[in-house]
2 protein chains.
Amino acid sequence: MSGKQTTKERVLQAACKIFSEKGFHEATVAEICETAGANIASVNYHFGDKEKLYDEVWHYAFSHATATYPVDGVLPENSGIEEGLYIFASAILHRIFSEGENGLFAKLLYREMASPTLALEKIATDYLFPQSQHLASLIQTMPDSHFDAQSLFLCTHSIIGQCAFYNFSRPLREHMIEKKTMTEEEIDRTARHIAYFSLGGLKEIQKDRSTDYSGFIE
Amino acid sequence: MSGKQTTKERVLQAACKIFSEKGFHEATVAEICETAGANIASVNYHFGDKEKLYDEVWHYAFSHATATYPVDGVLPENSGIEEGLYIFASAILHRIFSEGENGLFAKLLYREMASPTLALEKIATDYLFPQSQHLASLIQTMPDSHFDAQSLFLCTHSIIGQCAFYNFSRPLREHMIEKKTMTEEEIDRTARHIAYFSLGGLKEIQKDRSTDYSGFIE
DNA sequence: ACTAATTTTAAATGATTATTTAATATCGTA
DNA sequence: TACGATATTAAATAATCATTTAAAATTAGT
């Protein structure tokens, strides 16, 4: 009928669009079905209910994001930590600024974070924590690394936070500022900044003040 | 009836609670009125409609947040940039981890960002941009500061991003991890980390690589 | 105490929500 | 072609939403 896709495929595709634009709660099955050119009952018939459709959308989004922009991309032999940081930041930023399938994951994530669903626990366990773990491992490959657990945790958050901010500040770009997206060059420039900024941060923290902040202020 | 507060005051108070827990769209006037022990029509009678009530909640939240935790707190004479960074990070983190009135602003913000309303533009202009501007000014007080506009912008985002991440990753703490809040000591520890990490980042960026990344990763 | 303004109330309105039902249509296969 | 499974459809269901209405209750001013 509409092209050669099946109704189920068209509904999944429409669901990706609507869920990523509106999040789970504000998306309606009526709009999804209408976008797919399918009947209102299609979601329940083909996927069971709205939640199971949402789960399938997440799986689809994660597959594309990690396949196209893996955070643990291959590093050149004997490369330093800054290359690893750059690969990580570049992957996250590309996901955030991608349109279409590769941008789905970040869009879903920033809505899920503010309005969690039953899917959150699986998302965190399967999709998010492994990436944090990879970053923590990377930090520990620094020369003369001696981060205690707490400092490692804080540094990991500092780096992820810098990247994730571009995801969560999305509406400030899209609703307020004239320029709505980044060019490939700007993304690269930002990823390099985060890599160098973080390298400097790690070096500063490594000056063994991690457990002794006495005399910090006053 | 219920204490000595007026109905209007009770509705505003209930609205603060419900809006900060659920965001604008998922909050219902029915639940707000029920929480306030007021009739279903109270919102429309006393505030006009749901949106005007939301505006008043924002104004209330911002007043308390800035009064209790200003980002431009007074610095000791001749203090370095790290003290300024610490004051900034500490203020933002305290807002994020506060319960009650002082925590309202951050809770509203993280929901508004993922599901913007008509109030966003005013929020950004009146409440958010001035704080970014203060941070940018602070960075420029660094000794031998020579950041170009783009680097300054990126550095500002790196610092805000580190703080804001604790706001946007809220559900990971509240839904997943056993420990739901931070002690005063942990907040202070985190603020100091962000101050030092950022100081190191700024110093690294200042090595005049800000406009020349050639030979970075070929 | 009387009147007028203000506030509160219960009920209704009309729109929208996810999901279900049963009838109809389409498709693969013999 | 004919049958059985699969897919699609329109309509109905029951719940929930913000808002409105008009009557009832309360309060304030004289």
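Chain A is the first sequence line, chain B the second, and so forth, proteins listed ahead of strands; every chain is numbered from 1. Quick note: numbers below take in every heavy atom, side chains included, and nothing from hydrogens, waters or symmetry partners.
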Taking only N and O in the side chain of Asn39(B), is any of them less than 4.0 Å away from OP1 or OP2 of dA10(C)? yes
Would one find a side-chain N or O of His25(B) under 4.0 angstrom from OP1 or OP2 of dC17(D)? no
Would you kindly give the [atom1]-to-[atom2] distance between [X] and [N], to the nearest whole Å?
X        : N       : atom1 : atom2 : result
Asp49(A) : dA18(C) : CG    : C1'   : 9 Å
Glu34(B) : dT9(C)  : CD    : C1'   : 16 Å
Glu26(B) : dA18(D) : CD    : P     : 12 Å
His46(A) : dT8(D)  : NE2   : P     : 4 Å
Ile40(B) : dC17(D) : CD1   : P     : 9 Å
Ile18(B) : dC17(D) : CD1   : P     : 12 Å
Glu51(B) : dT19(D) : CD    : P     : 8 Å
Lys22(B) : dA18(D) : NZ    : P     : 11 Å

Does Phe62(B) CZ have over 12 foreign heavy atoms under 6.0 Å away? yes
Phe165(B)/Phe165(A) aromatic ring centres below 6.0 Å: no
Aromatic centroids of Trp58(A) and Phe105(A) separated by under 6.0 Å: yes
Between Phe24(B) and Ser42(A), which is nearer to the 5' end of DNA chain D once each is assigned its nearest nucleotide? Ser42(A)
Taking the minimum atom-to-atom distance to the side chain of Asn44(B), which one of dA10(C), dT19(D), dA18(D) wins? dT19(D)
Using the side-chain heavy atoms of Tyr45(A), tell me which of these nucleotides is nearest: dT17(C), dT6(D), dA10(C). dT6(D)
What distance do Cys163(B) atom SG and His94(B) atom NE2 have between them, rounded to the nearest 0.5 Å? 12.5 Å
